[in-house]
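Structure first, commentary second.
Here is the naming used below: chain letters follow the sequence lines, and residue numbers restart at 1 for every chain.
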Number of protein chains: 2
Amino acid sequence: MVDKASKNNKVSLSQVARAAGVSKMTASRVLRGEGGYSENTRLKVMEQVDTLGYLPNRLATVFAGDQSSTFIGVSIPDLGNEVFAQVLEGIDRKLGTFGYQSVLGLTQHTLEEEENWIRTVLSWQPAGLILTGRYHSPRATDMLRNAGVPVVEIWDLNAAPLDMSVGINHFDSGFDMGRYLTSLRYKNIGYVGTSHDTANAATERLNGFCKAVEGAGGAVVKQLCLHDTATYYPGFYGTEQLLAAACDIECIFYQNDAMAFGGLQYCASKGLTVPYDIGIAGWGDLPIASVMNRRLTSCHVSHLKLGQRAAEMMMGRLTDEPVPTCTDIGFRLIPGSTVRNSGV
Amino acid sequence: MVDKASKNNKVSLSQVARAAGVSKMTASRVLRGEGGYSENTRLKVMEQVDTLGYLPNRLATVFAGDQSSTFIGVSIPDLGNEVFAQVLEGIDRKLGTFGYQSVLGLTQHTLEEEENWIRTVLSWQPAGLILTGRYHSPRATDMLRNAGVPVVEIWDLNAAPLDMSVGINHFDSGFDMGRYLTSLRYKNIGYVGTSHDTANAATERLNGFCKAVEGAGGAVVKQLCLHDTATYYPGFYGTEQLLAAACDIECIFYQNDAMAFGGLQYCASKGLTVPYDIGIAGWGDLPIASVMNRRLTSCHVSHLKLGQRAAEMMMGRLTDEPVPTCTDIGFRLIPGSTVRNSGV
DNA sequence: TTGAAAGCGATACCAG
DNA sequence: CTGGTATCGCTTTCAA
């Protein structure tokens with residue numbers, strides 16, 4: 001009872017070994033099923049494991065050997081956005097099947113938060129890192145390079161990733177939407193989104209969108225970037241603000257489906273008929289779309305699959321399989337019925 | 001270059017110390033700002049920390065001392081359910097302000113997954129655990145007791161928690177909804193939810209609901225428990241199944257808002273007018289409700305706050321502050337307009 | 001103000 | 001088949 005293993009009251013391997021009347025090493029071998037012991041010995045050890053309720057201390061294992069931990073640091077901007085929750089779900093489920101765990105970091109869309117989190121999480125010797133976005137602070141980039149662990153950058157496809165990248169080309173997806181809307185002869189188009197300190201995927205979508213619209217002779221007459229979260233209600237009041245500021249708008253492109261849905265509800269509340277009075281287009285294709293009587297014009301991305309793929313690439317790298325540097329998950333424009341159709 | 005610290009190429013404290021011309025101990029003291037060194041020494045050490053890009057190995061710190069890690073294991077059933085994503089967001093954000101990290105575990109609503117995850121995560125010497133739900137496998141319970149780390153059970157309020165508990169009384173919230181609906185003279189009521197192997201909060205809500213309805217002379221004529229996820233589309237087709245099986249149903253209570261919203265859309269698609277032809281009630285009060293033109297009858301819970309509170313209780317315990325064993329976050333019935341009003 | 005030595009819990013390596 | 005010893009990176013303790 002009064003043993004040297006007193007600092008924390010946890011049962012250690014040597015206690016198990018002593019109780020079983022064998023050496024630490026023998027107990028260790030049994031625990032790892034590495035072979036090289038008699039059945040009788042195995043029984044004695046396992047019996048003590050049970051009675052003492054021994055749980056291995058993996059910290060010590062990592063610390064001792066050159067094997068790495070089963071932690072994967074995962075940075076996500078925020079979980080209020082369903083899209084990222086799905087990505088995380090894909091990541092964690094897949095990692096779980098390999099016996100790995102996500103160490104979460106919610107960076108709130110700031111590079112500074114990300115940098116601090118990277119510093120901390122690296123100090124825990126993770127096996128790898130999965131980061132949302134391709135932009136990192138210079139110091140973060142330094143740390144990532146020096147850390148010598150695999151890094152998967154997700155969400156934005158990054159042609160020149162730190163290590164590996166999986167996602168979609170957001171510029172292109174915005175561009176396609178711009179081209180689609182202008183093909184329906186929309187000229188005066190508005191945008192409602194949120195603003196962040198740093199460049200991000202939504203910004204790239206907007207850039208691609210503007211380029212397509214302007215290239216087709218249309219105009220993004222008003223861009224509203226709210227200082228708020230990209231969810232339903234900001235979509236609602238953002239639409240109000242946008243329409244108050246520019247009443248000749250024929251169609252609105254939103255940062256995501258949640259905001260678009262808020263816009264849809266605003267229009268309904270004001271008696272504006274979609275798509276006759278105004279067109280509405282979102283992005284991301286949320287699950288809620290599956291039950292709507294009217295299909296929201298949007299852009300589909302397999303968020304869950306994106307997360308799973310990121311985890312697979314990470315695990316592939318960790319097991320020395322050949323892994324592609326870049327994986328494009330792809331997107332699919334959903335014409336929907338919240339913009340006028342080509343026949344009109 | 002060819003140094004003993006070769007196993008992994010990471011820079012160690014002793015390398016920093018040697019480069020700075022001091023002993024490990026002195027460098028360690030500087031790094032921790034513990035005092036007991038000259039300004040000159042501090043400068044020399046910090047300079048080497050910068051040039052070498054030293055990152056401390058916290059694994060070794062935890063391992064060496066009796067201080068614990070900054071990991072908090074957090075088990076969540078699934079993130080497809082927005083409600084849990086919000087809870088997790090509350091937890092992780094709050095933990096982050098204290099310099100702690102969540103180690104995630106998605107248990108998919110099974111006790112077996114939870115048990116395996118608990119075993120793994122405990123082996124990483126977390127500072128504490130936050131678990132969703134009050135039910136755990138016997139072995140999980142054993143491990144939790146022996147681990148000697150704080151445990152917060154969330155979601156279900158647990159009057160006799162393993163350690164601490166924060167959540168709401170789901171039975172009561174179901175009961176209140178049952179009483180509310182029967183007070184509107186609904187008699188034949190249906191339920192649509194999903195089934196799980198183990199008892200959970202949704203089951204308790206249903207139990208409370210049935211008790212209230214039956215106590216008021218009504219009847220839960222049909223309970224549909226789908227083998228599916230508790231999201232929009234199962235709410236949609238579940239409603240179809242329910243109404244096909246029991247056409248005299250006047251009102252449906254759903255496991256959550258997402259399913260209720262799916263039901264709402266099903267009714268709309270069939271030309272059923274809510275609440276005249278049928279009443280619809282959800283649970284959880286999702287953000288999407290904030291923009292709906294019609295308020296969904298539901299039950300509001302501050303999911304984010306629940307998560308934050310769980311993290312605060314954990315941190316309180318870790319800093320030896322007095323912490324209440326149980327915290328009831330409370331709920332609020334939302335009458336809404338998807339059931340007939342008392343005047344009708 | 002500084003440093004040397006012991007030790008945390010496990011594994012690798014080498015002897016028996 | 002089994003066990004001793006060194007070791008990982010850091011902190012605690014004790015001495016100088």
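Note on A/Arg58: nothing from the nucleic acid sits closer than 4.0 angstrom, heavy atoms only.
Here the side chain of A/Val22 is nearest to one of D/dG3, C/dG3, C/dT2, namely D/dG3. Checking D/dC10, D/dC8, C/dA12 against the side-chain heavy atoms of A/Ala64 singles out D/dC8 as nearest. Considering only side-chain atoms of B/Ser12, the nucleotide from D/dG3, D/dC10, C/dA10 that sits closest is D/dC10. For A/Phe63, counting side-chain heavy atoms from C-beta on, the closest listed nucleotide (C/dG9, D/dG3, D/dT2) is C/dG9. Comparing atom distances between the B/Met25 side chain and each of C/dT2, D/dT11, D/dG3 picks out D/dT11 as nearest. Comparing C/dA4, C/dA10, C/dT2 against the side chain of B/Thr26 picks out C/dT2 as the nearest. Ranking D/dG4, C/dT2, C/dA4 by closeness to the A/Ser23 side chain, first place goes to D/dG4. Across D/dG9, D/dC10, D/dT2, the shortest atom-to-atom separation from the side chain of B/Lys24 is found for D/dC10. Set against C/dA4, D/dC10, C/dT1, the side chain of B/Asn57 has D/dC10 as its closest nucleotide.
Note: CD (A/Glu34) to C1' (C/dC13) measures 11 Å, nearest angstrom. In this structure, B/Arg29 atom CZ and D/dC14 atom P are separated by 14 Å, rounded to whole Å. For the pair B/Arg32 CZ and D/dT13 C1', the computed distance is 12 Å after rounding to whole Å. For B/Trp124 and C/dC8, the CH2 to P distance is 20 Å, given to the nearest whole Å. B/Leu59 has its CG atom 20 Å from the P atom of D/dT7, to the nearest Å. Between the P atom of D/dG9 and the CG atom of B/Leu13 lies a distance of 10 Å, rounded to the nearest Å.
Not one side-chain nitrogen or oxygen of A/Tyr54 sits closer than 4.0 Å to the OP1 or OP2 atom of C/dG9. The side chain of B/Thr41 contributes no N or O atom lying less than 4.0 Å from OP1 or OP2 of C/dT1. For A/Ser14, no side-chain nitrogen or oxygen approaches OP1 or OP2 of C/dA10 to under 4.0 Å.
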Discussion item. Please determine whether side chain to side chain donor-acceptor pair (under 3.5 Å) holds for the pair A/Glu89 and A/His303, giving the CA-CA distance in whole Å, both sets of side-chain angles, and the decisive distance to 0.1 Å.
Written reply: CA-CA 9 Å; A/Glu89 171 132 31; A/His303 305 294; over 6 Å; no

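Checking A/Arg42 against B/Pro56, the closest nucleotide of DNA chain D that is more toward the 5' end is the one next to A/Arg42. Heavy-atom distances to DNA chain C give each of B/Lys44 and B/Ala60 a nearest nucleotide, and the one nearer the 5′ end belongs to B/Lys44.
A/Asp163 has a carboxylate O that lies under 4.0 Å from a charged side-chain N of A/Arg317, or vice versa, which qualifies the two as a salt bridge. Of the charged side-chain nitrogens involved, at least one lies within less than 4.0 Å of a carboxylate oxygen, so that A/Arg309 and A/Glu312 count as a salt-bridged pair.
Proximity of B/Gln48 to B/Tyr54: side-chain heavy atoms (C-beta onward) are nowhere separated by under 4.5 Å. In this structure, the side chains of A/Met164 and A/Glu153 stay at 4.5 Å or more apart for every pair of heavy atoms.
Counting only distance, with no hydrogens or angles, the side chain of B/Ser137 and the backbone of B/Ala140 share a donor-acceptor pair below 3.5 Å.
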